[in-house]
Q: 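To start, I am sharing the structure in question, which I have written as structure tokens.
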Amino acid sequence: MDSREIKSGIFSVGAIDWDRELFDALIPLPDGTSYNSYLIQGAEKTALIDTVYPPKKDTLLNNLKNLSVDRLDYIIANHAEPDHSGSISAVLELYPSAKIVTNSKCKEILKDQFFFNDNQFIVINNRETLSLGDRTLEFIITPWVHWPDTMLTYLKEDKIMFTCDLFGSHYSTSELFANNEAKYMHAAKRYYAEIMMPFRKIIKKHLNTIADYDIELLAASHGPVNLNPNHMINAYQDWISDDVQNEIIIPYVSMYGNTTRMVEYLINSFVKKGFVVRPFNIITTDMGELIEASVDASTIIFGTSTVLGGAHPAVANAAFLLNAVKPKTKFVSLVGSYGWGTTVYKQLKSMLFCLQAEFIDPVLIKGYPGNEEYQQLEAFAGHIKEKHNNNTLSAAGV
Ligand code: FEO
């Protein structure tokens, strides 16, 4: 995509990756993504904020050439991950006198990855400013959104906060700006779940810092520029809060249909009790959807057949991922069917060590569920309803 002007002298010069299907060889990208890079022209100096994923570097370089940028003074590195820093070397080939401006942790990681020299850097401290003449950049060091090196850059006169990964979305669109329409917010929530949720508690602290700034535009390095920062910041306040919704998610796999029968019984029972239930057959599901659903869910109930005494590997994979992203889920349990014996509950519990949730005794049955087993499931659903009631969940009806 050609460069686009955000405001006079401020351009989006990065690349849209319409067709990318997977991020980090892990995260499905149903809407592609973008690697945003922003050019800021001041009266005396010119700065570039972040670069792009290396396979897209020609887009960035062509945009700079087409804007007749004959001098670049600063390359601001908000984050060392290569989707933003991987083209710094290519930009430096075009503008060899430009300095990389970043914090000390980001410098360390950039040097590990790209073998830059110390004299190529200007290292800044938290809240330090850099003048471009008539425009001023302020750097706010915000570790762990997404790596320990991350920082935000605030353009004071124009009230634009450049946030790199924070508030981003894997959402490719020809629109330069987004105004929090549903599809974009869905992508932003999914992005939060996949990338930011493990750092929920740290983000709370950073949001307090951000509240000190008057922000008219949020310019992340993935997805469109946000025209309504308060809406996005409020959404983050909700997602990072300890509040959960009256929702149960059930990631499950069934080999011979018995676990499916148990899951279907539970869905009906929970719906009658006023819950929203979202089952995910792990064999066919988009794992990003499951992780997004975990942002608000009060309860996760895994459903698995037994394979060699343990969980089906697909359910183990889902448990591993959910443990890594650390949802604020209050209750976790398990249902499933086995042939002759199982240690699946012990196994799954040990895999979910990052969740600060109460584990509820599972319902594990031998073979095909009959009346007695369905009664067990009914008692199990009732027990979970009681747990919800006792925890005064935010949604009504439980
Ligand atoms: Fe978009 Fe952490 O990189």
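Note that ligands are numbered from 1 as they come in the structure, with each ligand's atoms numbered from 1 the same way. Starting from 1, each residue takes its place in the sequence as its number.
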Q: Do you see a donor-acceptor pair shorter than 3.5 Å between the side chains of Asp70 and Tyr95?
A: no
Q: Checking side-chain polar atoms at under 3.5 Å, does His186 have a donor or acceptor matched by the opposite partner on Glu292?
A: yes
Q: Please calculate the NE2(His84)-atom 1 (Fe) of ligand 1-NE2(His222) angle and round it to 10 degrees.
A: 90°
Q: For atom 2 (Fe) of ligand 1, what is the closest N, O or S atom on His146?
A: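 Of the nitrogen, oxygen and sulfur atoms in His146, atom 2 (Fe) of ligand 1 lies nearest to ND1.
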Q: Determine which of the N, O or S atoms in Asp165 is closest to atom 1 (Fe) of ligand 1 and give its atom name.
A: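 The atom in question is OD1.
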Q: If you look at Asp83, which of its N/O/S atoms is nearest to atom 1 (Fe) of ligand 1?
A: OD2
Q: Within less than 2.8 Å of atom 2 (Fe) of ligand 1, any N, O or S from Cys164?
A: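 No, outside the cut-off.
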Q: For the atoms NE2 of His79 and OE1 of Glu81, give the angle they form at atom 2 (Fe) of ligand 1, rounded to 10 degrees.
A: 100°
Q: Side chains of Asp50 and Ser221 only: does a donor on one sit below 3.5 Å from an acceptor on the other?
A: yes
Q: Is a side-chain donor-acceptor pair under 3.5 Å present for Asn36 with His84?
A: no
Q: For Ala381 versus Leu266, what's the shortest heavy-atom pair and its separation?
A: CB-CD2, 4.2 Å
